[in-house]
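Below is one structure, written out as structure tokens; the observations come after it.
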Amino acid sequence: MHNLYIPVAAILLAFAIIFGGQALSDSQVDDDIKSLIASQLDGDDEIELQAMKEIQKGYGVCGEYRVAGQDHSFSPFYYSKVNERVTLGAESDRYRRHCGN
């Protein structure tokens, strides 16, 4: 019976490492996007994100942002994980190419 505990514990540990690492990675991407948007807007304001979806097999993210605490509507953005660049606005070529329908 003791021989059963070791493989079960190893499997549970492997799952925790895999899925825990993925959750931390996703959180870091959100923080990177917020930081890049804030720097493009020339401010240190907190940025809110919504309606985010991964595209291009996980190499890009489309979504919407706004400055926290303001009543403005959300504006679209595209973020490339490959070169870590964010593009703001639905009129931009990069947004239309990657996120447009």
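We're numbering straight along the sequence, starting at 1.
Taking CD1 from Ile37 and CG from Asp32, the interatomic distance works out to 11.0 Å, rounded to the nearest 0.5 Å. Rounding to the nearest 0.5 angstrom, the gap separating the CD atom in Gln56 from the SG atom in Cys62 is 7.5 Å. A distance of 12.5 Å separates CD1 in Ile47 from CG in Asp31, rounded to the nearest 0.5 Å. Atom CD of Gln40 and atom CZ of Phe77 lie 11.5 Å apart (nearest 0.5 Å).
Looking at residues two or more places apart in sequence or on another chain, you find a side chain to side chain contact (heavy atoms under 4.5 Å, CB included) between Leu36 and Tyr79, Val86. The side chain to side chain donor-acceptor pair (under 3.5 Å) check on Glu48 picks up Arg66, with sequence neighbours excluded. Take Ser80 and apply the side chain to side chain contact (heavy atoms under 4.5 Å, CB included) test, not counting sequence neighbours, and it matches Tyr78, Val82, Asn83, Arg94. Among residues two or more places apart in sequence or in another chain, the side chain to side chain contact (heavy atoms under 4.5 Å, CB included) test is passed with Ala90 by Pro76, Tyr95. The side chain to side chain donor-acceptor pair (under 3.5 Å) search around Glu46 returns none, not counting sequence neighbours. Scanning for side chain to side chain contact (heavy atoms under 4.5 Å, CB included) contacts around Asp42 gives an empty result, with sequence neighbours left out.
The shortest side-chain heavy-atom distance between Glu54 and Lys81 falls under the 4.5 Å cut-off. In this structure the side chain of Ile33 reaches within 4.5 angstrom of the side chain of Met52, judged on heavy atoms. Using a 4.5 Å heavy-atom cutoff, the side chains of Ile55 and Cys99 are in contact.
Other residues, nucleotides and ligands contribute more than 12 heavy atoms inside 6.0 Å of the CZ atom of Phe74.
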